[in-house]
There are 2 protein chains.
Amino acid sequence: MSHNTAEINRRLREAGYRVTPQRQLILDAVCKLGKHVSPDAVYEVVRRNTPSLSRATVYRTLHFLTEQRILAMVQMSDGRVAYEVAGPEPHHHLVCRTCDSYLELPHSVLRTFRQRMESQYDFEVDVSHVSFFGHCNDCRDTAGA
Amino acid sequence: MSHNTAEINRRLREAGYRVTPQRQLILDAVCKLGKHVSPDAVYEVVRRNTPSLSRATVYRTLHFLTEQRILAMVQMSDGRVAYEVAGPEPHHHLVCRTCDSYLELPHSVLRTFRQRMESQYDFEVDVSHVSFFGHCNDCRDTAGA
DNA sequence: ATATTAGTTGCGACAATTTGCAATAACCAA
DNA sequence: TTGGTTATTGCAAATTGTCGCAACTAATAT
Ligand SMILES: [Mn+2]
Ligand SMILES: [Mn+2]
Ligand SMILES: [Zn+2]
Ligand SMILES: [Zn+2]
């Protein structure tokens, strides 16, 4: 997934945030590294360019860009999180507990569920990048339970 | 939720595990502290009784008791996990991102979703104690998005 | 009771992530 | 340009959680 730098910078400034070299480097790194990137992988890439860039900034910026819906956060099966550039439409994940592979689901699979929670419980479910855990076709036989 | 000590101890021993004072203290602490207890809260309680009991043992035991289905693990909105005594039937949670309150859902709400993932993607979703995040009725107005 | 055995614990080191705070620098207005 | 305001960064310390390993002890048999 790629990203439109000019458009993003405009959005950030309009909301009162600043466009810093760190933020641009980190976003570029996630973009280049592809899907489901770990904070540490991002850190390793950006430090090649800017060794002074700190780990704290990587974590903070990944959170920040996720809040701005420029990135999306994905729960992995071991409890850690990964990031990816957010597309125009959110999607969901089926993450295998055994081999850590994942399938991506269209946004639509949770539409009726969301509506049901809304009407029955007055609860507005955030149906953006939800992860479900379990076992993929290859791992079902070998994995217990 | 309470627990039947004698029955649990029998089950553990039968499976080749041991009933230790640490495990009993930790289980009692979760039970006494109520629902959705953090590892640190458990640690604070048990160390009053047994100061030598280590943090590592708390984490290991909470994992262990979850594997044995004596406890259940719940994802909280900040990514951390909490524990509760597992009832006879699993249930799910609607966790509010703003106030951290939660609603409990019956196990059945994911039955059709699970079947759909099974038939469409050959993926076996683990539908035990799933957390969904969003905003509760009280927080919907105040919270952005 | 005593000994044997293997599951469990505590410790310390380590890895991962968060946070407070002073220094910095992006943005904007003049 | 220049200067002021304040969001952001880097650093270091604090949290949070994991791991290897030697010492310990619960369970079982003798
Ligand atoms: Mn994805
Ligand atoms: Mn619950
Ligand atoms: Zn798999
Ligand atoms: Zn709420």
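Chain identifiers are assigned alphabetically (A, B, ...) following the order of the sequence lines, protein sequences preceding nucleic acid strands; residue numbering begins at 1 within each chain. Only heavy atoms go into these numbers, but all of them, side chains included; no hydrogens, no water, no symmetry mates.
- B/R80 contributes no side-chain N or O that, together with a main-chain N or O of B/P39, makes up a donor-acceptor pair within less than 3.5 Å.
- One donor-acceptor pair, N or O on each side, does fall under 3.5 Å between the base of C/dA6 and the side chain of B/R18.
- One atom, CD of B/Q24, and another, P of C/dT9, lie 11 Å apart when rounded to the nearest Å.
- Side-chain atoms of B/E104 and B/H93, non-hydrogen and from C-beta on, do get closer than 4.5 Å to each other.
- In this structure, A/L25 places its CG atom 11 Å from P of D/dT9, rounding to the nearest Å.
- Note: CD1 (B/I26) to P (C/dT8) measures 13 Å, nearest angstrom.
- For C/dT17, the OP1/OP2 oxygens have a side-chain nitrogen or oxygen of A/Y59 closer than 4.0 Å.
- Across the protein-nucleic acid pair, A/E67 atom CD and D/dT8 atom P stand 11 Å apart, rounded to whole Å.
- The nearest whole Å value for the distance from the CG atom in B/L53 to the C1' atom in C/dT8 is 11 Å.
- Nucleotide D/dA7 holds its P atom 9 Å from the OH atom of A/Y17, rounded to whole Å.
- A donor N or O paired with an acceptor N or O is not found under 3.5 Å between the base of D/dG17 and the side-chain atoms of A/R80.
- With ring centers used as reference points, A/F123 lies 6.0 Å or more from B/F132.
- Remark: A/R11 does not engage A/E14 in a salt bridge, criterion side-chain N to carboxylate O under 4.0 Å.
- Among the nucleotides C/dT9, C/dC11, D/dG10, the one closest to the side chain of A/Q22 is D/dG10.
- Of the candidate nucleotides C/dC11, C/dT19, D/dG10, D/dG10 has the atom lying nearest to any side-chain atom of A/S52.
- Among the protein residues, A/G79 comes within range of no part of the nucleic acid, since none of its heavy atoms lies under 4.0 Å from any strand.
- At C/dT9, one or more side-chain N or O atoms of B/T20 fall inside 4.0 Å of OP1 or OP2 (strictly under the cut-off).
- On a pure distance criterion of 3.5 Å, no polar donor-acceptor pair joins the side chain of B/R55 and the base of D/dT16.
- C/dT17 atom C1' lies 9 Å from atom NE2 of A/H63, rounded to whole Å.
- Contact annotation for A/R60: base contact, defined as any heavy-atom pair under 4.0 Å involving a base atom.
- For A/P21, the listed nucleotide lying nearest its side chain is C/dA26; candidates were D/dA12, C/dA26, C/dG10.
- Regarding contacts with the backbone of C/dG10, a side-chain N or O of B/T57 is found under 4.0 angstrom from either OP1 or OP2.
- Regarding B/R13, its CZ atom lies at a distance of 14 Å from the C1' atom of C/dT8, rounded to whole Å.
- Proximity of the aromatic rings of A/H129 and A/H91 is defined here by a centroid distance below 6.0 angstrom, and this criterion is met.
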